[in-house]
Every structure is written in structure tokens, then in C-alpha cells.
Amino acid sequence: MLKRIILLASIFSSALALPAQTSAAPKNAADAAAQWKQRIATWRAQRDKELSAPDGWLTLIGLEWLKSGGNSFGAAADNSVPIKAKAPEHFGIITVSGKTIQLLSYPTGFPANFQVNGKPAREDKLSTDGDNPSTMTWQGITMVVLERGDRYALRIKDANSPARTGFNGLHWYAPDLNYAVEAKWIPYPPGHTEKIPTIIGTTLNLPAPGLAEFTLNGKTLRLEPVIEDPHDSTLFFILRDETSKTTTYEAARFLRTPFPDHGLDKPGTLILDFNQLYNPPCAYTPYATCPLPPPQNRLTIPIEAGEQRYSH
């Protein structure tokens, strides 16, 4: 038991980039369990902090689809893309021509203090690169153009959104070691891709390296993770369980774990700590574009661990 809990604590920190721990090595199972619970508490506090940050998901106030041609945007009612916040009446015009996205000004010019990538706004192309999109800002408002399938949308964040200013914290199940299980890793042949549906009706084609097989509450189950980003060093599980009908977010919850002990291409083991289950951005805002669980990750048992349903 002691060895297992120490392993869990180590995995928990490495998987979720928790701050370095300075506590001494645990001497017994009770000591190890206390350290494990403390790491969970630290991570949960970090989740609250990140979610309610000035650019966190609680600030997302719009995801507006852009049409081909010109799209005026600002707070005035005559804009084709309304900014539902305290903002200039007209920021400018975003034009969409095939794969080319441009920012143009009104005849009166851009508003004072309107910036693109930290510099005064000027007419130019806008990048929709997922890792480094052009970022438009005005006071607490941030806007980027995102590519979603074959469409483009303007994502709008407001640091003064009611969701952020009224945030009262998240809700969690109590930590439970029974929901930290060792799983057998069953690798797929190289090149396997899974089609992941999203909440807006698009499909993501993501690498799926294998299956994690485990036993929980007397049942043998399997979950299929994907690799969300080629640079990731964690497996990304998108799943749903029976608690989604009552106490957890209806659409899905997420879990990240380190790679299996012998790598992705060889049989091995990994730890699934369901105490680390957390909600997707769609649990907090209707303007996110979250992935949904594939059929094989829709479990028919309750997992009473991790983050619960968000209440505003």
C-alpha cells in the first residue's frame, strides 16, 4: 500500500505540473496518503486559480462564426459580430477570403488602445495558427480568430465577465484511493486514429495509441485515450460515466496521465487516478468547442471521484 501511494503522489505531480514538494519521504501508508491528499488539494486550488484567471475559461463571452467577406465587430447593434461587453462601438472589419483572414479599419480608424499582438492595431493579415494566433486586445477584452473545421470563428474573452467576477469555486468529490487504479496498457498497431466528436458537431481525428484496461468495483473496463497534441507527454482520456446523470457534467470529463511505464508501443501498466477527473471548458461557458467521449469511453458505472457539476 505504501509503495502504491508514493507512486500515485509522484505520478500526480509529474502529470499535472504541480509545484515541487518539499515534504520528507513518507514513512508509512498514513503519511503517504496525507501527502497524496495534499497534492490533490494543491492541484484543485490551482484549477480554481487558472479557471478564474483574467484569460481563463470563465472570461469567454462569445464564439461568433464569421461569414465569407466582411464581418464588422464591436458593441454597436449594427455590427455583424456583436461584442456583448463594454467596448468601442466599432473595432473594425474582419474579412474572410478562402484561407486568408484580414483585419481592416473603419474610415474613422481603429479605436484608441486597440492592439494586435501587443502593438497598435493596423490593417494586416491575421494568423489563425492554433499555437500562435493573432491576438486582438482592448482593455480587458481579448479576441482571436480560430479555425474550426472548414469555418472560422471569433473567440471573445472579457476579464470583467459576470461569470468570472461571480465565481465562487468548484465542487469536488472527497479524495478516495479506491478510485486510483492500476491499468494494463494494450498498445494498438502504429498509426491508429480515432474520430472524436465535438460539442459543435465537428470531428477531430486524433492519434489513439492503445487501450487502458482496469478493474473498478468488480468490473473489468477499458478506456481509449488519444494524444491531443504531438508535443504532449500525457495521455488524454475523454470519458463519461453514470454520474453524468446526477452529479457531474453531463457531456464529459477529462483525465490526463503520464505514458505507460514501457512506452506507448509496448504492453505495460499505468495509473488511472480518477480523483483527477476534471470538467471540460464547456461546463463553464456555452462558447467553448469541447471534444465528446467516443462510444467506447461512455462507461455504464458511476465514478464518484474528481470534479462535480459546476454551479454558477
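Here the structure is a predicted model, which is why all the values come from computation and not from measurement. Numbers here are sequence positions counted from 1.
Of the possible polar contacts, one joining the S161 side chain to the L58 backbone as a donor-acceptor pair under 3.5 Å is found. Distance alone, capped at 3.5 Å, places no donor-acceptor pair between the T135 side chain and the V144 backbone. Looking at S97, its side chain never comes within 3.5 Å of a backbone N or O of T100 through a donor-acceptor pair. Of the possible polar contacts, one joining the S52 side chain to the D48 backbone as a donor-acceptor pair under 3.5 Å is found. Put simply, the side chain of D232 gets close to the backbone of D229: a donor and an acceptor are under 3.5 Å apart.
Environment of NZ in K67: crowded, with over 12 heavy atoms of neighbouring residues, nucleotides or ligands closer than 6.0 Å. In the displayed structure, R298 atom CZ is contacted under 6.0 Å by more than 12 heavy atoms of other residues, nucleotides or ligands. Counted within 6.0 Å of CD on E147, heavy atoms from surrounding residues, nucleotides or ligands total more than 12; the atom is thus considered enclosed.
The two residues L235 and P260 have their closest heavy-atom pair at CD1-CD, 4.0 Å. Minimum interatomic distance between T59 and A159 (heavy atoms only, all atoms of both residues): CG2-CA, 4.0 Å. Heavy-atom minimum distance, D158 versus I141: OD1-CG1, 4.1 Å. In terms of heavy-atom proximity, A252 sits nearest to I238 at CB-CG2, 4.3 Å. For the residue pair L299 and R222, the shortest heavy atom distance occurs at CD2-O, 4.1 Å. Of all the heavy atoms in G70 and S80, the pair that sits closest is O-OG, 4.4 Å.
Here the side chains of Y287 and R155 are not in contact, with every heavy-atom distance at 4.5 Å or above. Using a 4.5 Å heavy-atom threshold, the side chains of I94 and V81 count as separate. Side-chain contact between P209 and P187: absent, with no pair of heavy atoms (C-beta onward) separated by less than 4.5 Å. When side chains are defined from C-beta on, E194 counts as touching Q296, because their heavy atoms get closer than 4.5 Å. At a threshold of 4.5 Å between non-hydrogen side-chain atoms, the residues P54 and R164 count as touching. Side-chain contact between P88 and W138 is present, with at least one heavy-atom pair separated by less than 4.5 Å.
For Y173 and T247, the side-chain atoms include at least one donor-acceptor pair closer than 3.5 Å. For the residue pair S72 / H90, no side-chain donor-acceptor distance below 3.5 Å is found, with atom types taken as modelled.
Atom CD1 of residue I61 and atom CG of residue N160 lie 10.0 Å apart, to the nearest 0.5 angstrom. Within the model, atoms CD1 of I101 and OH of Y152 stand 5.0 Å from one another, a figure rounded to the nearest 0.5 Å. Atom CZ of R309 and atom OG of S244 lie 7.5 Å apart (nearest 0.5 Å). Atoms CG and CZ, from L66 and R148 in turn, are 12.0 Å apart once rounded to the nearest 0.5 Å.
In summary, D241 and R253 engage in a salt bridge, as defined by a charged side-chain N under 4.0 Å from a carboxylate O.
Looking at F236, F237, F254, Y310 one by one, the single match for ring-ring contact (aromatic ring centres under 6.0 Å, His included) with Y278 turns out to be F254. Exactly one of V116, T95, V145, D124 qualifies for a side chain to side chain contact (heavy atoms under 4.5 Å, CB included) with L103. That residue is V116.
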*Taking it one step at a time, do Y188 and E224 satisfy side chain to side chain donor-acceptor pair (under 3.5 Å)?*
CA-CA 10 Å; Y188 285 150; E224 181 186 68; 2.6 Å; yes

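For the ring-ring contact (aromatic ring centres under 6.0 Å, His included) condition, the pairs that include at least one residue of residues 45-85, sequence neighbours left out, are F73-F91.
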